[in-house]
Amino acid sequence: QHRDYSENTAQEIDKEVKNIVSECYARAREVLKENINLLHKLAGTLLEKEVLDGHQIQLLIKESTAQA
């Protein structure tokens, strides 16, 4: 495949993309860890009801933050 940049530039791009993906992955894990109880509540409610709309999800989030 033809590129308009050098191999060194390609390596720098790859390195930066890897850093961005790694940082986002770490942040996603942290958000999930911080909100694990809410995640379990949402999962349990989905198992019961199978479908939740945006309003129902917002209510669950509001309940969860009020209890914290």
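For clarity, every value in this text was computed on a predicted model and none was experimentally measured.
With sequence neighbours left out, S6 forms a side chain to side chain donor-acceptor pair (under 3.5 Å) with T9. By the salt bridge (Lys or Arg N to Asp or Glu O under 4.0 Å) test, E16 is found to be paired with no residue, residues two or more places apart in sequence or in another chain being considered.
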Please tabulate, for the side chains in residues 38-61, all donor-acceptor contacts under 3.5 angstrom to protein atoms that are two or more places apart in sequence or on a different chain.
{"from": "T45", "atom 1": "OG1", "to": "K41", "atom 2": "O", "distance (Å)": "2.8"}
{"from": "D53", "atom 1": "OD1", "to": "H55", "atom 2": "N", "distance (Å)": "3.1"}
{"from": "D53", "atom 1": "OD1", "to": "Q56", "atom 2": "N", "distance (Å)": "2.8"}
{"from": "Q56", "atom 1": "OE1", "to": "D53", "atom 2": "N", "distance (Å)": "2.8"}

Would you tabulate the side-chain donor-acceptor contacts of residues 27-36 under 3.5 Å, counting partners in other chains and residues two or more places apart, or write 'none'?
{"from": "N35", "atom 1": "ND2", "to": "V31", "atom 2": "O", "distance (Å)": "2.8"}

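Clustering of Ile, Leu, Val, Met, Phe, Trp and Tyr side chains at separations under 4.5 Å places V21 together with Y5, I13, V17. With a 4.5 Å cut-off between side-chain heavy atoms of Ile, Leu, Val, Met, Phe, Trp and Tyr, the cluster of Y25 takes in none.
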